[in-house]
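Positions are given from 1 along the sequence.
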Amino acid sequence: MRVLLVGAGGVGGAITRIAARRPFFEAMVVADYDPGRAEAAVAALGGDARFTAERVDAGDEEAVARLLARHRCDVLLNATDPRFVMPLFRAARAAGAGYLDMAMSLSRPHADRPYAQCGVKLGDEQFEQAADWEKEGLLALVGMGVEPGLSDVFARYAADELFDEIEEIGVRDGANLTVDGYDFAPSFSIWTTIEECLNPPVVYERGRGWFTTEPFSEPEVFDFPEGIGPVECVNVEHEEVLLVPRWVDARRVTFKYGLGREFVETLKTLHLLGLDRTEPVTVPGPDGPVAVSPRDVVAACLPDPASLGERMHGKTCAGTWVRGLKDGKPREVYLYHVVDNQWSMAEYGSQAVVWQTAVNPVVALELLATGAWSGAGVLGPEAFPAVPFLDLLTAYGSPWGIREM
């Protein structure tokens, strides 16, 4: 397998460190708009000849397609933010390559009833092209990070192995991470965090389909395992709610994020001030007016999440809570994956959140390379058998768990 990795930031850098320990691929081209980042990611691997660095603009479809062709890459792994999903998705197909991402095409709220009805949903633009991908025998594996990604694999595992009938699948994400020296320092891309947290959350119910609600609605306290403990979680827009019902039969699907009240209030303030906007505003500059995106300014003012590992303490947990029936009896479980920042920093030099995101697409690539997973079209993680993935994740040294509720 020959891979083009686009994006050499925190997650992209962690992907290279994880992949470098595995023998399943022939070459990985690490490409970024900033050539210095790509070169640094490759240099950190100690001379592994399978890795090379390139510069590419993720928004330039023709340039990405040329890069895929020049390096004879079989698959494009997208490690950029969601703004670049569609150009990279189209570039891969144009080059006849497979595609894998960790976040899907962006949503747009309903013009008149944003907190009741869906407008353009996450992934809609990609699924509109599913027939073309299938006809050409190409696979686009979408939403294959940790959430979405591993959480979706857990949903498939629950349906196949643990339940006869599923009432509800609820992804629940929580952590007890702290960062020395910062009162507000998101552990993941603030651009993406703003996008998913301030958009109308989506809920799925059988018979009703997908619908939206108010941001941060339906708060609940969820008790996370391995010492993390109780964390208040709220509804947030996320891909799992759009993916799981396509392949797993459940009466209800939700996603709730343990953000914490201070974080929620900060996001609300950014929205109140218009600092979550992506449309450029004009501000004075030394050489005249300059157009800048308020959200990009916020991101530039905050520390790079990938740089926080040495200051970070605690654990992060991604998981899928499922309730339903097994052998006619009620059952409720939480399937989860916990990463301790102390371990991920010592073992890989990557902070826990970015490492947990990065390991899953590498596992998926290995399954595709060996033929354990295969398919064509635009498919989510639920479209594939879960057991090979979970077994290989454990073999990577990062086991998962199940808690009976």
**Prompt:** Any side-chain heavy atom of Val283 sitting closer than 4.5 Å to one from Val297?
**Reply:** no
**Request:** Taking the side chain as every heavy atom from C-beta outward, state whether Thr16 and Phe51 have any atom pair closer than 4.5 Å.
**Result:** yes
inquiry  = Assess, by modelled atom type and distance only, whether the side chains of Glu218 and Thr213 contain a donor and an acceptor separated by less than 3.5 Å.
reply    = no
When Arg252, Lys256, Arg331 are each screened for salt bridge (charged side-chain N to carboxylate O under 4.0 Å, His left out) with Glu168, the one that passes is Arg252
Measuring only between side-chain heavy atoms, which start at C-beta, is Trp373 closer than 4.5 Å to Leu141? yes
Here the pair of heavy atoms bringing Pro114 nearest to Pro109 is CB-CB, 4.1 Å
Test the Arg156-Phe389 pair against the cation-pi criterion, namely NZ or CZ under 6.0 angstrom from the six-membered ring centroid and within 45° of the ring axis.
no
CD of Gln342 to CG of Asp340, rounded to nearest 0.5 Å, is 6.0 Å
Those residues at least two apart in sequence (or on a different chain) that pass ring pair (Phe, Tyr, Trp, His ring centres under 6.0 Å) with His238 are Phe255
Do the charged groups of Glu332 and Arg323 touch, with an N to O distance under 4.0 Å? no
When you check the gap from the basic side-chain N to the acidic O, do Glu232 and Arg261 get nearer than 4.0 Å? yes
The residue among Trp321, Phe222, Phe154 that forms ring pair (Phe, Tyr, Trp, His ring centres under 6.0 Å) with Tyr334 is Phe222
| query | Between Arg172 and Thr254, does any side-chain donor sit less than 3.5 Å from a side-chain acceptor? | reply | yes
By side chain to side chain donor-acceptor pair (under 3.5 Å), Glu347 pairs with (sequence neighbours left out) Arg21
Classify the side-chain pair Glu147/Tyr257 by whether it contains a donor and acceptor separated by less than 3.5 Å. no
Applied to residues 297-320, the side chain to side chain donor-acceptor pair (under 3.5 Å) test, sequence neighbours excluded, yields Asp180-His313
### Task
Could you check if a side-chain atom of Val362 sits within less than 4.5 angstrom of a side-chain atom of Glu366, using non-hydrogen atoms only?
no
Is it true that Trp133 and Phe89 have ring centroids separated by less than 6.0 Å?
-> yes
Next on the checklist: Under 4.0 Å between a side-chain nitrogen and a carboxylate oxygen: does that hold for Arg295 and Glu195?
Outcome noted: yes
